[in-house]
Amino acid sequence: MTSKILIVDDDPSIRRLLAMTLAFAGFMAESASTAKEGLKKGSNEYFDLILLDLGLPDMSGIKFLERYRENDQTPVIVVSAIHDETDKIAALNAGADDYVTKPFNTDELIARIKANLRRVPPTQERSPILSVGEMRMDVAGRIVTIADELIKLTPKEFKLLRVFMENEGKALTHSWLLKSIWGVGYQHETHYLRVFINQLRQKIEIDSARPKWIITEAGIGYRFVG
């Protein structure tokens with residue numbers, strides 16, 4: 001199925017070139033001209049990959065990466081005219097998955113995109129429907145319902161709930177959940193997990209203080225039950 005890519009670049013000519021290049025290669029594309037717009041789109045919509053310019057008008061690309069990586073592990077390829085090796089290293093350390101220098105060869109860019117997408121299957125190719133008790137998740141449509149009532153979730157909450165539903169009844173450790181949702185290097189950031197578990201409980205539980213879906217396993221982690 002078609003992968004969806006977000007272009008974050010302040011140059012309209014580059015945005016048009018990238019959009020045409022992606023369309024020709026069979027991808028869907030949306031764009032943002034500022035870091036703020038890119039962060040907003042990235043948090044409200046699902047993308048399989050992001051193409052990011054480092055020289056944005058309202059925020060550096062490095063800062064964008066740092067803020068984006070707080071909540072999402074979508075692959076990010078930096079596409080920038082900045083040639084300084086220290087900037088490339090800083091971008092990679094901040095969470096970029098790859099770096100392509102402008103002016104870029106379109107064939108090389110598409111090859112890099114495909115290589116990164118192979119590491120994370122496109123969202124449309126994942127299990128289409130998950131059901132646990134009265135809860136139903138349409139993975140491709142990004143829809144969650146409980147007894148036919150729509151539950152609105154952020155991208156990170158959706159990802160966390162999906163992991164729970166796919167592992168119904170299993171005791172999942174803090175470190176395993178953190179690695180699954182945030183990636184390698186986050187296994188000890190338990191405060192991230194507590195915040196999102198609380199947010200998710202507020203949305204899916206009748207009484208978040210006495211949850212019936214997400215059960216705390218003291219000293220271990222959590223268990224999702226239907």
Side-chain angles (χ1 to χ4, degrees), residues 3-19 21-22 27-104 108-110 112-113 115-117 119-120 123 142 153-160 177-199:
S3 295
K4 187 176 177 183
I5 297 174
L6 176 62
I7 303 163
V8 185
D9 197 301
D10 65 325
D11 187 331
S13 63
I14 294 295
R15 291 199 304 272
R16 285 194 296 271
L17 173 60
L18 286 171
T21 300
L22 293 171
F27 299 114
M28 293 176 60
E30 289 193 23
S31 63
S33 60
T34 65
K36 184 177 180 180
E37 184 184 3
L39 288 169
K40 184 177 180 179
K41 284 195 172 188
S43 64
N44 292 334
E45 301 178 46
Y46 284 86
F47 295 95
D48 295 289
L49 186 138
I50 295 175
L51 297 178
L52 174 67
D53 180 29
L54 292 183
L56 299 170
D58 57 335
M59 183 190 301
S60 72
I62 302 298
K63 189 65 177 179
F64 175 99
L65 279 163
E66 291 172 347
R67 289 184 56 180
Y68 192 75
R69 282 292 180 247
E70 290 175 1
N71 295 313
D72 206 296
Q73 294 302 310
T74 298
V76 177
I77 299 178
V78 168
V79 183
S80 180
I82 298 174
H83 293 263
D84 193 321
E85 288 297 321
T86 58
D87 289 302
K88 292 182 181 181
I89 293 170
L92 293 169
N93 285 338
D97 296 275
D98 207 343
Y99 198 114
V100 176
T101 304
K102 297 176 184 175
F104 52 84
E108 178 188 358
L109 178 61
I110 294 301
R112 298 280 189 94
I113 289 171
N116 277 275
L117 289 174
R119 299 171 194 163
V120 182
T123 53
R142 311 300 179 196
L153 302 177
T154 66
K156 190 63 69 178
E157 291 166 354
F158 186 95
K159 187 174 182 180
L160 178 58
L177 282 165
L178 285 162
K179 183 178 178 181
S180 297
I181 305 300
W182 282 271
V184 176
Y186 287 82
Q187 291 94 319
H188 303 293
E189 306 292 340
T190 54
H191 62 286
Y192 282 19
L193 195 54
R194 285 196 299 271
V195 168
F196 279 91
I197 291 290
N198 182 59
Q199 291 176 187

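FYI, side chains are in, hydrogens and waters are out, and symmetry mates aren't considered; it's all heavy atoms of this structure. Small disclaimer: the values here were computed from a predicted structure and weren't measured. By convention here, the first residue in the shown sequence is residue 1.
S3 approaches L117 most closely through the heavy-atom pair OG-CD1, 3.7 Å. Across all non-hydrogen atoms, the minimal contact from A19 to A29 is CA-CB, 4.4 Å. Among all heavy-atom pairs drawn from L65 and G95, the shortest one is CD2-C, 4.1 Å. Residues D98 and L92 share a closest heavy-atom pair of N-CD2, 4.1 Å. Looking at every heavy atom in both residues, E37 comes nearest to S33 through OE1-N, 3.0 Å. Taking both residues in full, the closest heavy atoms of D9 and L56 are given as CA-CD2, 4.0 Å, listed atom of the first, atom of the second, then distance.
Residues P57 and T34 have side chains in contact (heavy-atom distance under 4.5 Å, counting atoms from C-beta outward). At least one side-chain heavy atom of L160 sits less than 4.5 Å from a side-chain heavy atom of I197. Under the 4.5 Å side-chain criterion, counting only non-hydrogen atoms from C-beta, R142 is in contact with F158.
For Y68, the ring-ring contact (aromatic ring centres under 6.0 Å, His included) test picks out F64, with sequence neighbours left out. With sequence neighbours excluded, no residue forms a ring-ring contact (aromatic ring centres under 6.0 Å, His included) with Y99. Remark: P12 pairs with R15, R16 by the side chain to side chain contact (heavy atoms under 4.5 Å, CB included) rule, at least two apart or across chains.
Interatomic distance, I77 CD1 to D97 CG, rounded to the nearest 0.5 Å: 7.5 Å. A distance of 4.5 Å separates CG of L51 from CD1 of I113, quoted to the nearest 0.5 Å. If you take CD on E66 and OG on S60, they are separated by 7.0 Å, rounding to the nearest 0.5 Å. A distance of 11.0 Å separates CZ of F196 from CG of L178, quoted to the nearest 0.5 Å. For the atom pair CG (L17) and CG (L22), the distance works out to 9.0 Å, reported to the nearest 0.5 Å. In this structure, the separation between NZ on K41 and CZ on F47 is 6.0 Å, given to the nearest 0.5 Å.
A donor-acceptor contact shorter than 3.5 Å is absent between the side chain of R67 and the backbone of I62.
Here D11 does not pair with K102 in a salt bridge; the nearest charged N to carboxylate O distance is not below 4.0 Å. By the 4.0 Å N-to-carboxylate-O rule, D58 lies too far from K36 to be salt-bridged with it.
Looking at V76, L49, I50, D48 one by one, the single match for side-chain contact (heavy atoms from CB on, under 4.5 Å) with L6 turns out to be I50.
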